[in-house]
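These notes are about the structure you will find just below.
The analysis underlying the following values was restricted to heavy atoms, covering all of them including side chains, and did not include hydrogens, waters or symmetry mates. As the structure lists them, so they are numbered: ligands from 1, and atoms in each ligand from 1. Bear in mind that the values here come from a model prediction, so they are computed numbers and not experimental data.
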Amino acid sequence: MTVPTIKLHDGTSIPQLGFGVYQIRPAETAEAVTQALEVGYRHIDTAEMYGNEKEVGEALRAAGLPREEVYVTSKLNNGFHRPDDAERAFEQTLTDLGLDRIDLFLIHWPLPTRYDGDFVSTWRTLASFVEDGRAASVGVSNFQPAHLQRIVDETGVVPVINQVEVHPYFTNEAVRAANARHGVATEAWSPIAQGAVLDDAVLTEIAEATGKSTAQVALRWHVERGDIVFPKSVNPGRMKENFDIFDFSLSDDDVARISGLDRGEAGRTGPNPDTFDWIPA
Ligand code: NDP
């Protein structure tokens, strides 16, 4: 099964399907990532906030794959937005992952009501990681259109990616459109809404017609729309199921029907980035 790649505006490429490790307990992470790599995943999405970067690194080393064959993303935790803290946190991420260079590093949340609203100097700091070669690419996560516009206007540096909540119940079109205007690729987090969409009647009908599961139909919908996804699972059978989405396609009509399931703000499963201000203790 060949996973397509998406070309980013800085010339690098990212596998369109990856493996997310949010809410995988550290003790289970090395095993889960090892199994995911065995299934064929070559893109891992972690974050300092998830507390499992060391175990992701352990699994990567144990797999012994050539470094350039696995795409690794991590993210700056909310307590480290000040430039000096961001520098230290980034070094710690590299140490924990056991890498001297990361493929992609993101600001996890904009936190516009924290740090005097200054996520711009945080963004400048991330940009310096590309200049000095420790990150191949940098981007953002949970940035609303106004946040994105501001960092582009004030720094001239355009993120390669904005990783935001997107699934059939929260299609997040305004953010996807803003990303597209700037040439920023969209990564869709919680692509199956942590399971909330799996009993949906429309997805079930399309799943029956295509001989696929509702999870596969939902993931394929993201792929058809050009977004990047990394479903999480600790179950090897479901890891395989989520990987097995490149031997069928959805009609334009099916894509439109699934997009029509959008519930707007009511469909969000996570916090609203305009107000989210949580900093871990
Ligand atoms: P997902 O939408 O990937 O759903 C994961 C849940 O669905 C788990 O409970 C999993 O259970 C279950 N599941 C997975 N596959 C199947 C299947 N085929 N059939 C039935 N159930 C299934 O949620 P996540 O929130 O984990 O999102 C994915 C990734 O996105 C994260 O791991 C993380 O990397 C990223 N993310 C980023 C955020 C950000 O702020 N930037 C926020 C949230 C997520 P089980 O493990 O038992 O299979």
Side-chain angles (χ1 to χ4, degrees), residues 14-26 28-29 31-33 35-36 39 41 43-53 55-56 71-78 97 103-111 138-144 147 159 161-172 175 179 185-200 203-204 207 212-223 227-245 267-280:
I14 181 170
Q16 195 175 8
L17 174 70
F19 182 70
V21 299
Y22 175 45
Q23 290 177 330
I24 304 187
R25 287 186 294 121
E28 288 179 32
T29 301
E31 175 71 6
V33 173
Q35 286 165 338
V39 167
Y41 291 87
H43 163 188
I44 310 293
D45 185 90
T46 186
E48 202 268 322
M49 195 187 284
Y50 306 163
N52 54 19
E53 289 172 306
E55 294 75 11
V56 168
Y71 192 98
V72 183
T73 301
S74 194
K75 315 182 191 89
L76 181 73
N77 208 341
N78 291 353
L97 287 166
D103 298 289
L104 177 64
F105 195 65
L106 309 176
I107 299 180
H108 206 148
W109 289 89
L111 305 177
V138 287
V140 295
S141 177
N142 299 301
F143 271 46
Q144 300 280 56
H147 306 144
I161 273 173
N162 187 11
Q163 180 179 130
V164 293
E165 180 173 352
V166 184
H167 48 73
Y169 291 163
F170 184 65
T171 58
N172 215 346
V175 172
N179 290 346
T186 297
E187 290 190 332
W189 63 251
S190 292
I192 57 169
Q194 299 196 344
V197 301
L198 298 180
D199 294 329
D200 184 86
L203 291 176
T204 302
K212 289 287 183 175
S213 70
T214 51
Q216 289 171 320
V217 170
L219 293 170
R220 184 71 211 185
W221 168 79
H222 289 282
V223 167
D227 291 352
I228 300 156
V229 280
F230 23 81
K232 169 263 177 189
S233 181
V234 290
N235 177 296
R238 289 196 282 272
M239 288 177 198
K240 286 199 190 84
E241 179 183 332
N242 296 343
F243 194 75
D244 187 17
I245 57 170
R268 269 191 204 278
T269 62
N272 186 317
D274 284 319
T275 51
F276 187 57
D277 65 356
W278 179 74
I279 290 183

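Below 4.0 Å from some heavy atom of Leu198 lie the following atoms of ligand 1, by number and element: 19 (N), 20 (C), 21 (N). Less than 4.0 angstrom separates some heavy atom of Asp45 from each of these atoms of ligand 1: 33 (C), 34 (O), 35 (C). Near Ala193, meaning under 4.0 Å from one of its heavy atoms, ligand 1 places the atoms 2 (O). In the vicinity of Trp109, heavy-atom distances shorter than 4.0 Å reach the ligand 1 atoms 40 (O). Atoms of ligand 1 found under 4.0 Å from any heavy atom of Ser141, numbered from 1 in the order shown, are 39 (C), 41 (N). Using a 4.0 Å cut-off to heavy atoms of Ile192, the atoms of ligand 1 that qualify are 1 (P), 2 (O), 4 (O), 7 (O), 13 (N), 14 (C), 15 (N), 16 (C), 22 (C). Of all atoms in ligand 1, numbered sequentially from 1 with element shown, those under 4.0 Å from a heavy atom of Glu241 are 18 (N). Close contacts between ligand 1 and Gln163 involve ligand atoms 35 (C), 36 (N), 37 (C), 38 (C), 39 (C), 41 (N) [criterion: under 4.0 Å to a heavy atom].
With Glu187 contributing its side chain and Val229 its backbone, the two residues share no donor-acceptor pair below 3.5 Å. A side-chain donor-acceptor contact under 3.5 Å links Gln16 to the backbone of Asp227. Between the side chain of Lys75 and the backbone N or O of Thr46, at least one donor-acceptor pair lies under 3.5 Å. Side-chain N or O atoms of Asn172 include one that pairs as donor or acceptor with a backbone N or O of Glu165 at under 3.5 Å.
Nearest protein heavy-atom neighbour of atom 15 (N) of ligand 1: Asn242 ND2, 3.0 Å. The protein atom (non-hydrogen) at minimum distance from atom 31 (C) of ligand 1 is Tyr22 CB, 3.4 Å. Looking at atom 24 (P) of ligand 1, its nearest protein heavy atom turns out to be Ser190 OG, 3.6 Å. Summary of contacts: the protein heavy atom closest to atom 22 (C) of ligand 1 is Arg238 CD, 3.5 Å. Atom 40 (O) of ligand 1 has Asn142 ND2, 3.0 Å as its closest protein atom, hydrogens excluded (heavy atom only). Atom 10 (C) of ligand 1 has as its closest protein heavy atom Lys232 O, 3.5 Å. Looking only at heavy atoms of the protein, atom 23 (O) of ligand 1 is closest to Gln194 CG, 3.4 Å.
Close N/O approach between Lys75 and ligand 1 is not found [any backbone or side-chain N/O within under 3.5 Å]. Between Val234 and ligand 1, at least one N/O pair is under 3.5 Å apart.
Closest heavy-atom approach to atom 42 (C) of ligand 1 among the candidates Trp189, Phe230, Phe19: Trp189.
Side chains of Asp45 and Gln163: a donor on one and an acceptor on the other come within 3.5 Å. A donor and an acceptor atom, one from each side chain of Tyr41 and Asn242, are nowhere located under 3.5 Å apart. A donor-acceptor contact closer than 3.5 angstrom links the side chains of Glu53 and Ser74.
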Begin from the C-alpha positions of Asp277 and Trp109 and carry the test side-chain hydrogen bond (donor to acceptor under 3.5 Å, both in side chains) through to its verdict.
CA-CA 9 Å; Asp277 65 356; Trp109 289 89; over 6 Å; no
Between Gln216 and Asp244, does the side chain to side chain contact (heavy atoms under 4.5 Å, CB included) criterion hold? Intermediate values first, please.
CA-CA 7 Å; Gln216 289 171 320; Asp244 187 17; 3.8 Å; yes
List the steps, then state whether salt bridge (charged side-chain N to carboxylate O under 4.0 Å, His left out) holds for Arg238 with Glu241.
CA-CA 5 Å; Arg238 289 196 282 272; Glu241 179 183 332; over 6 Å; no
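Tyr71 and His43 have perpendicular rings, their planes meeting at more than 60° on a 0 to 90° scale where under 30° would count as parallel. Note: Phe170 and His167 have tilted aromatic rings, judged against thresholds of 30 and 60 degrees for the angle between ring planes.
A 6.0 Å sphere centred on CZ of Phe276 holds more than 12 heavy atoms belonging to other residues, nucleotides or ligands.
Counting heavy atoms under 4.0 Å from ligand 1, residue Val21 touches it through the backbone alone. Under 4.0 Å from ligand 1, the heavy atoms of Ala215 that appear belong solely to its side chain. Under 4.0 angstrom from ligand 1, the non-hydrogen atoms of Tyr50 all belong to its side chain. At a 4.0 Å heavy-atom cut-off, ligand 1 does not touch Ile24 at all.
His108 counts as a contact of ligand 1, since one of its heavy atoms falls under 4.0 Å from the ligand. For the pair Gly270 and ligand 1, no heavy-atom separation below 4.0 Å is found.
Two rings, from Phe19 and Phe230, have their centers 6.0 Å or more apart.
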